[in-house]
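Read the numbers this way: they start at 1 and go in the same order the structure lists the ligands and their atoms. Note that the structure is a prediction, hence the values are computed from the model and not measured. FYI, side chains are in, hydrogens and waters are out, and symmetry mates aren't considered; it's all heavy atoms of this structure.
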Amino acid sequence: MQGQMMDYQLTLTPMLERARRLFYKKEIATKAGPAMERRTYGEMAERAGRLANTLEKLGVRRGDRVATFAWNNARHLELYFAVPCMGAVLHPINLRLPGEQIAYIVNHADDKVLFVDPTLLPAVEKLAPHLKAVKHFVVMGDKIPETTLNPIHAYEELLKDAASDYAWPRLHENDAAAMCYTSGTTGNPKGVAYSHRAIYLHSFGLSMADSFGICERDTVMPVVPMFHVLAWGTPFVSTMVGAKIVFPGPHLQPRDLAELIQNERVTLTAGVPTLWMGMLALMEKERFDLSSLREMIVGGAAAPQSMIETYEKKHGLKVTHAWGMTEMTPLGTVSKLKSYQIDLPEAERFAIRAKQGTPAMGVEIRAVDENGGEAPWDGKTFGELQVRGPWIISSYYNDDRSPQSFMDGWFRTGDVVTIDPEGYVQIVDRTKDVIKSGGEWISSQDLENAIMAHPKVLEAAVIAVAHPKWQERPLACVVPKPDFKDSITKEEIIEHLRGRFDKMYLPDDVVFIEAVPKTSVGKFDKKVLRQSYREYVLPSVSGG
Ligand code: AMP
């Protein structure tokens, strides 16, 4: 027997319509210089209609790709809805990638129109001769500035001349709504095409109380860029539930973030750990009233347990650790305590919360060991994490590297993990970062987390260095806090680790560096470090 429910397509149009009808008074605030620019969802929906009319006039048809080269702001949100709801495909570009990779992805995606923030014009001007399919450039401001881009239009001028009514077409839920490229550090980025259905279901995923619980009463500040996996889906879920949004624009310094949270009474924010480490360092020196915050979502890279603890113990702020990927829209796991874990001793509670968490409803997980068998959920056995579900990629967009990323209908994440009996996933490493020493695997992330708990340390990255006997040994690259630059020593770092790790896991050496190199989305770029220390001779080898 078949179920007898409507064949209702899961698309983004009802989200936009809902915001227009129910939440037209709610605010979307963008930091634009020292001042805030304020709009409502009512205005956003009206302007999305104008934008769709405009795009149609510019020749954009169903399935065409429309690129954005922009920071987090209200105009970007209008594009987030106008483009998919008219049946075209939104393509936010990671503006921090090297020029040749940006040219590659714009050409690979065959972007027809490119929207650009005024401050980012110079970068696009340089790339323009290499962008083959782009027919129109639109600068996201009031007027057309002095520029070599051609043909160029100004966003507000286009909108002014367009009708606000737009007959949104009926779309199929499997139509592509948006695409992002991975920020992989090897080879060209790979394209991921998100369907309307995936984003729709993922938005429900983010609104569940046991994940981010985003609801109408929230004021959400997506610090994660709108070009990094669609700001982790926060713009969509916020619109769906009518939460106020605060966009930081290009203002991502610790002070900007702390002031925005304080002044706009932000309740939930999301971003990579480095941002929050920076804000924590600032909060050691200055006071801000961040009492409105109910939750800080930290993901994209491992959140050190020491950071989670310091925020909570010193500042009363709750950091929630989450894991995801571009290929997963991106929600995978969220680390929250279960009801019967709340009374565990403090150390155990923090240890659970520092794991990457349990899978969100909609995400199935398994860990696969070196022999292709499923690793037990014992919290000890390493395996590669594999996932499946309705918002997980089924193949890369036009890319012959696809097959190696899948195994029997599961997506291979490339993350090495353990899964404990309660279902909490702990990312041990990326497969390429794990240190292979004499048949044992050493987790670089475990060492980093422990080193970053040292009071004199700001950041630390641990990499593998070649060793004639052991094959690889760990080298700790440590950034001291500015006040301890001259007093920190190698010995105290090793001493600090000694009680926590078996002798064979201890780094063979410690070097002090100015900063850990970062990828385009703010994660530690260990490839660059490995390159710098390729020839490094460890004291254990030189006899030093
Ligand atoms: P991206 O597609 O840029 O979001 O990168 C996804 C990768 O980032 C994952 O496969 C992980 O290796 C890493 N990652 C994301 N979140 C976390 C986390 N909470 N802890 C450790 N690694 C993470």
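For H202 and Y194, the gap between ring centers reaches or exceeds 6.0 Å. If you look at Y200 and H196, their ring centroids are not closer than 6.0 Å. Under the 6.0 Å cut-off for aromatic ring centres, H76 and F115 do not qualify, their centroids lying 6.0 Å or more apart.
Any N or O atom pair closer than 3.5 Å counts here, and V521 shares no such pair with ligand 1. For a threshold of 3.5 Å applied to N or O pairs, the pair formed by T413 and ligand 1 contains no separation below that value. Considering backbone and side-chain N/O of M325, none are found under 3.5 Å from N/O of ligand 1. Residue E327 has no N or O atom closer than 3.5 Å to an N or O atom of ligand 1. For a threshold of 3.5 Å applied to N or O pairs, the pair formed by Q445 and ligand 1 contains no separation below that value.
Using a 4.0 Å cut-off to heavy atoms of G324, the atoms of ligand 1 that qualify are 6 (C), 9 (C), 15 (C), 16 (N). Close contacts between ligand 1 and T326 involve ligand atoms 1 (P), 2 (O), 3 (O), 4 (O) [criterion: under 4.0 Å to a heavy atom].
Across K523, K432, H321, heavy-atom proximity to atom 5 (O) of ligand 1 is greatest for K523. Of the candidates G357, P189, A301, the one placing a heavy atom closest to atom 17 (C) of ligand 1 is A301. Of the candidates A322, G299, A354, it is A322 that places a heavy atom closest to atom 19 (N) of ligand 1.
Residue, atom and distance of the protein heavy atom nearest to atom 4 (O) of ligand 1 are H228 NE2, 3.2 Å. Regarding atom 21 (C) of ligand 1, its nearest protein heavy-atom neighbour is A302 N, 3.2 Å. Looking only at protein heavy atoms, the nearest one to atom 20 (N) of ligand 1 is Q356 NE2, 2.8 Å.
Aromatic ring pairs are classed by plane angle as parallel below 30°, tilted from 30° to 60° and perpendicular above 60°; the pair F411 and Y396 is perpendicular. Relative orientation of the Y533 and Y536 rings is perpendicular, given thresholds of 30° and 60° on the angle between their planes. In this structure, W232 and H228 have perpendicular ring planes: the angle between them is above 60°, well past the 30° mark. The aromatic rings of F236 and F81 sit perpendicular, their planes meeting at an angle over 60°, well past the 30° parallel limit.
Salt-bridge check for E312 with R349: failed, with every basic side-chain N at 4.0 Å or more from each acidic carboxylate O. A salt bridge links E364 with R388: the closest approach of a Lys/Arg side-chain nitrogen to an acidic carboxylate oxygen falls below 4.0 angstrom.
Ligand 1 lies nowhere less than 4.0 angstrom from a heavy atom belonging to P330. Residue G300 places a heavy atom under 4.0 Å from ligand 1. Residue T182 places no heavy atom under 4.0 Å from ligand 1.
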**Request:** Evaluate side chain to side chain donor-acceptor pair (under 3.5 Å) for E295 paired with T320, printing each intermediate quantity in order.
**Result:** CA-CA 7 Å; E295 204 149 341; T320 298; 2.7 Å; yes
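Under the salt bridge (charged side-chain N to carboxylate O under 4.0 Å, His left out) criterion, R294 pairs with D218, sequence neighbours left out.
Contacts between D415 and ligand 1 below 4.0 angstrom, taking non-hydrogen atoms only, involve the side chain exclusively.
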